[in-house]
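See structure below.
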Amino acid sequence: MSSLLLHFSAAGFAEGDSEYTERDIRKSQKEEKIRKQWARLLPRQNKLQFAGSMGMFSGSFGWYYGKKNQWETDLFLGFIPKMNRQDGHVTMTLKETYTPWRIELNEDFSYEPLTTGIYINKIFGEYFWSKLPERYPDGYYFWAVNTRFNISLGQAISFELNKSPLFGEEISFYYELSTNDLYLISAIGNRSIRTWDIIGLSLGIRYRMF
Amino acid sequence: MVLVLCLSSCELFEYHPYDTQNFKKTDVNAVNIAKIELQDDNSDTLRFVFTGDSQRYYDEIELFVDNVNQRGCIDFIIHGGDITDFGLSKEYNWMYDILNRLDVPFVTLIGNHDVLGQGKDVYLEVFGDYNFSFVSHRTRFICLNTNALEFDYATPVPDFDYMSGFLNDTNGVDQMIVVMHAPPYSDEFNNNSSAMFNYIIEQYKNVRFCLYAHNHQFEINDFFNNGIEYFGCEDISKRSYLVFTVTPDAFSYELEPF
């Protein structure tokens, strides 16, 4: 009776143990899968940019993806220092870049002859609203003062970091010419506003970690 | 750091469209008022041009400048405000560059569009104070910021203290002309103050008439039924401007097409 009971309980315990281990493995596999999925969302590049109507300096984290890594999405935080009559301001920018070609110059250097971008910039501050404040009659001003839609064209040169003592994938230097929605609206229909009047220049560094 | 300084001095590098730096000229109104007040104004006939609302009409304001320069026989030009549409720094620069080709001095009032974003600070930088005045041909011109909807109570609009400063203004002055962007009873004006605004103007010595822009059309109103006429000008896109000829006994105006 007692041996039967022992046998039964031992079998029961053994069965429970193997079930537990299997569950544990499944759990860690599942966990690994979830971690990997989230890991894909880890930002893989940073940018530091000077000017470009999104701050004096702005820094970003972002992603590059696509078959030939031709797409980039970056989120920038920029600042405008206090100067003249102007208070300091913080700006935020969401930017999408498309780079159709990449030319390998040699083992270390490659060249992006054309980069194209669109970006939305928001500036934070008392006088910058996105929705017409209530005191105004409907439709008094048609645009959001704090939001600018920009387009840009540029070029970049990249240096591979794989063999260098520096950690990371590559480092690039770029410049961009950009303009925004309100400048375009102003230039359209006015021959006296020339192309160079509405264009700004920016310089930047892009660092790809992995 | 030196590099940054070099870069920041270059106009191509823009930190934001509402930046308050990189202006070729500052204090434009004060500089031009000095020119106006240095003019030989011994004749008793004053002739000036009044226009306004030139926002985003760059080609048209170029034609305006050419036309006024060809015409001649004008003492100065008053722009009634709204030189920009969005209050952007570049718009201020573009409009200044064109207006600066005028052969005679010009003064520019602040319009509601010029206030937007950081535009109010750009105006202070490029043109100067929101309220200003000058004397020509023994006539006091009082130019007032009336864009109340754009400001909070920290900035008095209209500024009664400023206006009251001209109540006893008799030294070398025979008459007054009051200029503003938004007229009384418009959506932009602080209409709770209209009666007081009118009261102060009524106390002024020999007010000939008042001028305003903002409504984009030619109008003559006697807003307070007291015989003080308010003239409103068309916007620049309608290709006209007003020419006022003022003598001690009478004044006349022409709506001049260009």
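Residue numbers start from 1 in every chain, and the chains themselves are labelled A, B, ... in the order their sequence lines are given, proteins ahead of strands. Model, not experiment: these values are computed from the prediction.
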Would you find more than 12 non-hydrogen atoms of other residues, nucleotides or ligands less than 6.0 Å from Phe210(A) atom CZ? yes
On a heavy-atom basis, the closest approach of Thr20(B) and Arg85(A) is OG1-N, 3.8 Å
Sub-3.5 Å donor-acceptor pair from the side chain of Asn190(A) to the main-chain atoms of Tyr57(B), do we have one? no
Highest number of heavy-atom pairs under 4.5 Å with chain B: which of Gly200(A), Gly125(A), Gly55(A), Ala187(A)? Gly55(A)
Answer key: most heavy-atom pairs under 4.5 Å with chain A among Leu88(B), Val122(B), Leu124(B) is Leu124(B)
For Met83(A), is it the side chain, the backbone, both or neither that has a heavy atom under 4.5 Å from a heavy atom of chain B? both
Between the OG1 atom in Thr91(A) and the NE2 atom in His16(B), the distance rounded to the nearest 0.5 Å is 6.5 Å
To the nearest 0.5 Å, tell me how far Asn112(B) CG sits from Tyr140(A) OH. 4.5 Å
Does CG in Leu184(A) sit with more than 12 non-hydrogen atoms of other residues, nucleotides or ligands closer than 6.0 Å? yes
For the candidates Trp129(A), Trp196(A), Tyr141(A), which exhibits the highest count of non-hydrogen atom pairs separated by less than 4.5 Å from chain B? Tyr141(A)
Within the supplied structure, the quantity of interest is the number of heavy atoms (other residues, nucleotides, ligands) at a distance under 6.0 Å from Phe218(B) CZ; does it exceed 12? yes
Pairing donors with acceptors under 3.5 angstrom, does anything connect the side chains of His89(A) and Gln118(B)? yes
Does atom CZ of Arg35(A) have more than 12 heavy-atom neighbours, drawn from other residues, nucleotides or ligands, at distances under 6.0 Å? no
Quick one: pull up CD1 in Ile193(A) and NZ in Lys90(B) and give me the separation to the nearest 0.5 Å. 10.0 Å
Within the structure provided, determine whether Trp94(B) and Ile198(A) are in side-chain contact (heavy-atom separation under 4.5 Å). yes
Under 3.5 Å, is there a donor-acceptor pair between the side chain of Arg191(A) and the main chain of Asp59(B)? no
Relative to chain B, which segment of Phe79(A) carries a heavy atom at a distance below 4.5 Å: side chain, backbone, both, or neither? neither
Can you find a pair of side-chain heavy atoms, one from Ile185(A) and one from Arg56(B), that are under 4.5 Å apart? yes
Counting only heavy atoms closer than 4.5 Å, note whether Tyr175(A) contacts chain B via side chain, backbone, both or neither. neither
Evaluate the side-chain proximity of Asn180(A) to Pro17(B): yes if any heavy-atom separation is below 4.5 Å, no if none is. yes
Counting only heavy atoms not in Asn162(A), do more than 12 sit closer than 6.0 Å to its CG atom? yes
Considering only heavy atoms, which portion of Glu62(B) lies under 4.5 Å from any heavy atom of chain A: side chain, backbone, both, or neither? side chain
Enclosure of Arg135(A) CZ (heavy-atom neighbours >12, cutoff 6.0 Å): yes
Side chain / backbone / both / neither for Ile80(A) at chain B, heavy atoms under 4.5 Å: side chain
Atom group of Glu150(B) that falls short of 4.5 Å from chain A, counting heavy atoms: both
Out of curiosity, Tyr15(B) OH to Gln86(A) CD, how far, rounded to the nearest 0.5 Å? 10.0 Å
Would you call the rings of Phe50(A) and Phe13(B) parallel, tilted or perpendicular, where under 30° means parallel and over 60° means perpendicular? tilted
Within a strict 4.5 Å, meaning less than it, do heavy atoms of the Pro137(A) and Leu149(B) side chains meet? yes
Interchain contact, Asp19(B) with chain A, by part (heavy-atom threshold 4.5 Å): both
Interchain contact, Asp97(B) with chain A, by part (heavy-atom threshold 4.5 Å): neither
Exceeds 12 heavy-atom contacts within 6.0 angstrom, atom CD of Gln37(A): yes
What's the verdict on side-chain hydrogen bond (donor to acceptor under 3.5 Å, both in side chains) for Tyr183(A) and Glu14(B), showing C-alpha distance, side-chain angles and the deciding distance? CA-CA 13 Å; Tyr183(A) 290 168; Glu14(B) 185 182 75; 2.5 Å; yes
Flag the one option from Ala51(A), Gly78(A), Pro133(A), Ser178(A) with the top tally of heavy-atom pairs under 4.5 Å to chain B. Ala51(A)
Sort Asn121(A) into side chain, backbone, both or neither according to what part of it lies under 4.5 angstrom from a heavy atom of chain B. side chain
Quick one: does Glu126(A)'s side chain get under 4.5 Å of Asp152(B)'s, heavy atoms only? yes
If you count heavy-atom pairs under 4.5 Å with chain B, which of Ile123(A), Leu182(A), Leu177(A) comes out on top? Leu182(A)
May I ask you to test the Asp187(B)-Tyr136(A) pair for a side-chain heavy-atom distance under 4.5 Å? no
Between Tyr127(A) and Tyr18(B), does the ring centroid distance fall short of 6.0 Å? no
Gap separating the CG atom of Asn93(B) from the CG atom of Asp197(A), nearest 0.5 angstrom: 10.0 Å
